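One structure is given here, and the rest of the page talks about it.
Fair warning: this is a prediction, and the values are worked out from it, not measured in the lab. The sequence lines fix the lettering, A, B, ..., with proteins before strands; numbering per chain opens at 1.
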Amino acid sequence: MTLLVNGVGGVIVETEAYDREDPASHSFSGPTPRNAVMFGPPGRAYVYLSYGIHWCLNFVCRETGHGAGVLLRALEPTAGIPSMVERRRQREPRLLCSDPGRLGQALAIDHSLNGKRLDRAPFSLRAAAMPVSVVCGPRIGISKAIDHPWRFGLAGSRYLSRPFR
DNA sequence: ATTAGGATCCTCT
DNA sequence: GAGGATCCTAATG
């Protein structure tokens, strides 16, 4: 899909899944103030601050109350590139949206978007015109459930945060 | 190509 | 009080 936030974004090329019975998931230990949105209705944004520095964007998935989400890890930038360059102070296309923190900065994600519907402004989502090939592998940067192959990438994309093996 | 350290702060125990 | 779904820079092999 193509994801835009206030007209800025691109093609989603990398994600990770997090589920309720998943020790690496924020929802693993049940609802808390931070993860409350994960337990709400699907189709909303779950935004959290990573390492005190980076705002990361997730899509809430599955049914209300389940506590699942998909972390957006990388986009191929296609829209609003000048805005991204300014926000990131970085012109190299591969360094604009390839990693969760970079993506958040390039799209100006912050806590004000937490809980917002993904089918309304400022979000815009458009499905790909044709089916695509997806590869999977272990998730990145976690210490539990490290063998679950729940990282997904667009096959052959040059905009992945890291290659798949 | 790989490693190490720092920045920075919220969340939950 | 500890630790994190990270990124950047600098130093080393």
### Query
So which one's nearest nucleotide on DNA chain C is more toward 5', A/Arg102 or A/Gly69?
A/Gly69

### Task
Would you mind classifying the nucleic acid contact of A/Arg151 as base, sugar-phosphate or nothing, using non-hydrogen atoms under 4.0 angstrom?
nothing

### Task
Check the distance between C/dT6's P and A/Gln90's CD and give it to me in whole angstrom.
19 Å

### Task
Give a yes or no on whether the backbone of A/Phe59 and the side-chain of A/Arg44 come within a donor-acceptor separation of less than 3.5 Å.
no

### Query
Which nucleotide in the list B/dC9, C/dA5, C/dC8 gets nearest to the side chain of A/Leu49?
B/dC9

### Query
Of all the choices, C/dA5, C/dT6, B/dT11, which nucleotide is nearest to the side chain of A/Arg34 once you look at every atom?
B/dT11

### Task
Answer yes if the side chains of A/His26 and A/Tyr46 hold a donor-acceptor pair under 3.5 Å, and no otherwise.
yes

### Task
Could you work out which one of C/dA5, B/dC9, B/dA7 sits closest to the side chain of A/Ile53?
B/dA7

### Query
Base, sugar-phosphate alone, or nothing: which one does A/Gly101 contact when heavy atoms must sit under 4.0 Å apart?
sugar-phosphate

### Message
Taking C/dG1 as the reference, what is the distance to B/dT8 when you measure between their P atoms (whole Å, please)?
### Response
22 Å

### Task
Give a yes-or-no answer on whether the side chains of A/Gln105 and A/Arg87 include a donor-acceptor pair shorter than 3.5 Å.
no

### Message
Under a 3.5 Å cutoff, is there a donor and acceptor pairing between the side chains of A/Arg73 and A/Ser161?
### Response
yes

### Query
Does A/Arg162 put a side-chain nitrogen or oxygen below 4.0 Å from OP1 or OP2 of C/dC7?
no

### Query
Of the candidate nucleotides C/dA5, C/dC7, B/dA7, which contains the atom at the shortest distance from the side chain of A/Ile142?
C/dA5

### Query
Would you say A/Tyr51 stacks on B/dA7, if stacking means ring centres under 5.5 Å apart and planes within less than 30 degrees?
no

### Message
Side-chain N or O of A/Arg73 versus OP1/OP2 of C/dT6: is the shortest distance under 4.0 Å?
### Response
yes

### Task
From the options C/dA5, C/dC7, C/dG4, select the nucleotide whose nearest atom is closest to the side chain of A/Tyr48.
C/dA5

### Message
Looking only at the side chain of A/Ser50 (C-beta and beyond, no hydrogens), which of the listed nucleotides C/dC8, C/dT6, B/dC10 gets closest?
### Response
C/dT6

### Message
Less than 4.0 angstrom between a side-chain N/O of A/His26 and OP1 or OP2 of C/dA5, yes or no?
### Response
yes

## Note on the structure
Re B/dT8: Watson-Crick or G-U wobble partner, both distances kept under 3.5 Å, found to be none

### Task
Round to a whole Å and report the spacing from NE2 of A/His111 to P of B/dT11.
11 Å

### Task
Starting from the C-alpha separation in whole Å, work towards a yes-or-no answer on salt bridge (Lys or Arg N to Asp or Glu O under 4.0 Å) for A/Arg62 and A/Asp19.
CA-CA 9 Å; A/Arg62 303 196 60 152; A/Asp19 204 1; 3.4 Å; yes

### Query
C/dG4, C/dA5, B/dA7: which one has an atom nearest the side-chain heavy atoms of A/Ser143?
C/dG4

